[in-house]
Number of protein chains: 2
Amino acid sequence: MEAVKWLDEDEMRAWHAFLAAGSLIDRLLDAQLKEATGLSHPQYEILVRLADAPDGELRMTELADTLLTSKSGLTYQVTQLEKAGLVARRSCPSDVRGVLAVLTEAGRQRLEQAAPGHVALVRELLIDVLSPGQLAVLADALGEVSRRAAART
Amino acid sequence: MEAVKWLDEDEMRAWHAFLAAGSLIDRLLDAQLKEATGLSHPQYEILVRLADAPDGELRMTELADTLLTSKSGLTYQVTQLEKAGLVARRSCPSDVRGVLAVLTEAGRQRLEQAAPGHVALVRELLIDVLSPGQLAVLADALGEVSRRAAART
DNA sequence: CCGGCATAGTTCAAATTTGAATTACTATTA
DNA sequence: TAATAGTAATTCAAATTTGAACTATGCCGG
């Protein structure tokens, strides 16, 4: 029987705020994106990664790593985006097993159309709510947190 | 046509860290809970709210408000918990339409069994990674963020 | 070159989540 | 008090997510 170190009041406040902020924001962003562009938040994130990548293409596995979804979840979403004509698949030259997801021109346009409203809401919900100092602490602190969490995956 | 205020590098870092930390931690907590106790994270949260409430019972709507799930999602999860014998439903005395979810003795025991491992992981992933100062800033900052986000719901 | 093992991506069934009805009741107002 | 609007919870079908096979390749030591 080990002694459990429960959370004190401040720790509990931080933990609850973290949890609540995470899901509330995610939910609102998803709703805004769907409403304005028909994309879900996961789909939007896929398009962003592809747009940032050289030639607008990435291996499925690379995508799955940076996104926080399972491999099968990614397969599903990429298929949806493919049906919508926003992404195409092509086989990887260096590895026959590999598949590259490529951003199409329509995909790039949809992303450009979606980005302003999305960014505006991110500002409104998170960035502009915080002082520059808070923002810096948050970036450092949560950067370290996510590095460690990612290491356990 | 409005000028879009894009995110600068620091803002982007904060935003990405926030997103990544949120989903990584949620995923790890869910895995730990399932592995150790068979509860999902949403289910665990339901038990916690009930345990904190007077008489271990809450209206469905009250539960749905503090949790970050839809009403139908809550109905589903409470049904699962009911099947497992951890929660019971009883009708609300003051409003015939209402339903009270009540924590059973088995539910309380399961929660007590689950809590230490859960809290330990929350510490390991978040609380103990941060300095007290960072923790305080995080609580303040994200507290305000979630208050505002909740106001938009 | 071969066997054994790791990897890439998909498929499949099952679990979950969602939002839009639906049902049944409460509250308000004229 | 009858009509109307609002609320509580559930049900339903559809979309998504998950993890566990599964298929097909790559890679490495002997």
Side-chain angles (χ1 to χ4, degrees), chain A residues 22-24 26-35 37-46 49-50 57-84 87-102 153, chain B residues 22-24 26-35 37-46 49-50 57-84 87-102 153:
Chain A
S23 39
L24 286 170
D26 202 50
R27 187 173 288 270
L28 289 168
L29 288 177
D30 197 66
Q32 189 275 330
L33 279 168
K34 278 193 186 126
E35 152 79 22
T37 70
L39 294 169
S40 67
H41 193 199
Q43 291 174 340
Y44 178 85
E45 289 296 326
I46 292 175
R49 309 307 157 115
L50 291 179
E57 59 183 25
L58 280 175
R59 290 286 291 270
M60 293 298 278
T61 302
E62 295 178 290
L63 260 177
D65 287 345
T66 63
L67 300 169
L68 320 125
T69 171
S70 64
K71 286 175 83 155
S72 54
L74 180 63
T75 294
Y76 174 78
Q77 286 299 351
V78 167
T79 302
Q80 297 308 107
L81 290 169
E82 202 174 21
K83 283 181 192 163
V87 160
R89 278 185 234 244
R90 72 184 191 86
S91 60
C92 176
S94 61
D95 186 337
V96 184
R97 295 168 303 174
V99 170
L100 289 164
V102 193
T153 303
Chain B
S23 39
L24 287 169
D26 201 50
R27 188 173 288 271
L28 289 168
L29 288 177
D30 197 66
Q32 189 275 330
L33 279 169
K34 279 196 186 123
E35 152 79 23
T37 70
L39 294 169
S40 66
H41 193 198
Q43 291 173 341
Y44 178 86
E45 289 296 328
I46 291 174
R49 309 307 158 117
L50 291 179
E57 60 183 25
L58 281 175
R59 290 285 291 270
M60 293 298 278
T61 301
E62 295 177 291
L63 260 177
D65 288 344
T66 63
L67 301 169
L68 321 124
T69 170
S70 64
K71 283 177 85 153
S72 54
L74 179 63
T75 293
Y76 174 78
Q77 286 299 351
V78 167
T79 302
Q80 297 308 107
L81 290 169
E82 202 174 21
K83 282 181 192 163
V87 160
R89 277 186 235 245
R90 72 184 192 86
S91 61
C92 176
S94 61
D95 185 338
V96 184
R97 296 168 302 174
V99 170
L100 288 164
V102 192
T153 303

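In the text below, chain A, chain B and the rest are named by the order of the sequence lines, each starting its count at 1.
Distance CZ/Arg97(B) to CE/Met60(B): 14.5 Å, rounded to 0.5 Å. For the atom pair CG of Leu68(B) and CG of Asp26(A), the computed distance is 11.0 Å after rounding to the nearest 0.5 Å.
In this structure, CE of Met60(A) is placed 20 Å from P of dT23(D), rounded to the nearest angstrom. For the pair Lys34(A) NZ and dA15(D) P, the interatomic distance rounds to 12 Å; values are reported in whole Å. For Leu39(B) and dT16(C), the CG to C1' distance is 15 Å, given to the nearest whole Å. Distance Ile46(A) CD1 to dT16(D) C1': 12 Å, rounded to the nearest Å. We find that CG of Leu81(B) is positioned 10 Å from P of dT16(C), with the value rounded to whole Å. In this structure, CG of Asp65(A) is placed 12 Å from P of dT7(C), rounded to the nearest angstrom. Atoms NE2 (His41(B)) and C1' (dT17(D)) sit 18 Å apart, rounded to a whole Å. Atom CG in Leu74(B) sits about 13 Å away from atom P in dA8(D), given to the nearest Å.
Two residues are said to be in side-chain contact when any heavy atoms from C-beta on lie closer than 4.5 Å; Leu39(A) and Leu81(A) meet this criterion. With a 4.5 Å cut-off on side-chain heavy atoms, Glu62(A) and Arg49(A) do not count as touching. Here the side chains of Leu74(A) and Pro42(A) are not in contact, with every heavy-atom distance at 4.5 Å or above.
Phosphate proximity of dT18(C) to Ser70(B): present, with a side-chain N or O under 4.0 Å from OP1 or OP2. For Arg59(B), a side-chain nitrogen or oxygen approaches OP1 or OP2 of dA9(D) to under 4.0 Å. OP1 or OP2 of dT17(C) has at least one side-chain nitrogen or oxygen of Gln77(B) nearer than 4.0 Å. Between Gln80(A) and dA15(D) there is no side-chain polar atom (N or O) within less than 4.0 angstrom of OP1 or OP2. Contact annotation: Thr69(A) does not reach the phosphate of dT17(D) (side-chain N/O to OP1 or OP2, under 4.0 Å). Remark: Thr61(B) is not in phosphate contact with dT7(D), judged by side-chain N or O atoms under 4.0 Å from OP1 or OP2.
Among the heavy atoms of the strands, none lies under 4.0 Å from Ser40(A). Across all strands shown, Gly73(B) has heavy atoms under 4.0 Å from base atoms, whether or not it also approaches the sugar-phosphate.
Listed nucleotides: dT18(D), dT18(C), dT16(D). Nearest to the side chain of Arg27(A): dT18(C). Comparing atom distances between the Lys71(B) side chain and each of dT10(C), dC25(C), dT10(D) picks out dT10(D) as nearest. Side chain of Tyr76(B), nearest nucleotide from dA15(D), dG9(C), dT17(C): dT17(C). Which of dT17(D), dG9(C), dT25(D) sits closest to the side chain of Val96(A) comes down to dT25(D). Picking from dT25(D), dT10(C), dA9(D) the nucleotide with the shortest atom distance to the side chain of Val99(A) gives dT10(C). When distances run from any side-chain atom of Asp95(B) to the nucleotides dT18(D), dT10(C), dA8(D), the shortest one goes to dA8(D).
Residue Leu50(B) forms a side-chain contact (heavy atoms from CB on, under 4.5 Å) with just one option from Val78(B), Val102(B), Leu100(B), Leu63(B), and that option is Leu63(B).
If you check distances only, the side chain of Arg97(A) does reach the base of dT7(C) with a donor-acceptor pair under 3.5 Å. Put simply, the side chain of Ser72(A) and the base of dG19(D) share a donor and an acceptor less than 3.5 Å apart.
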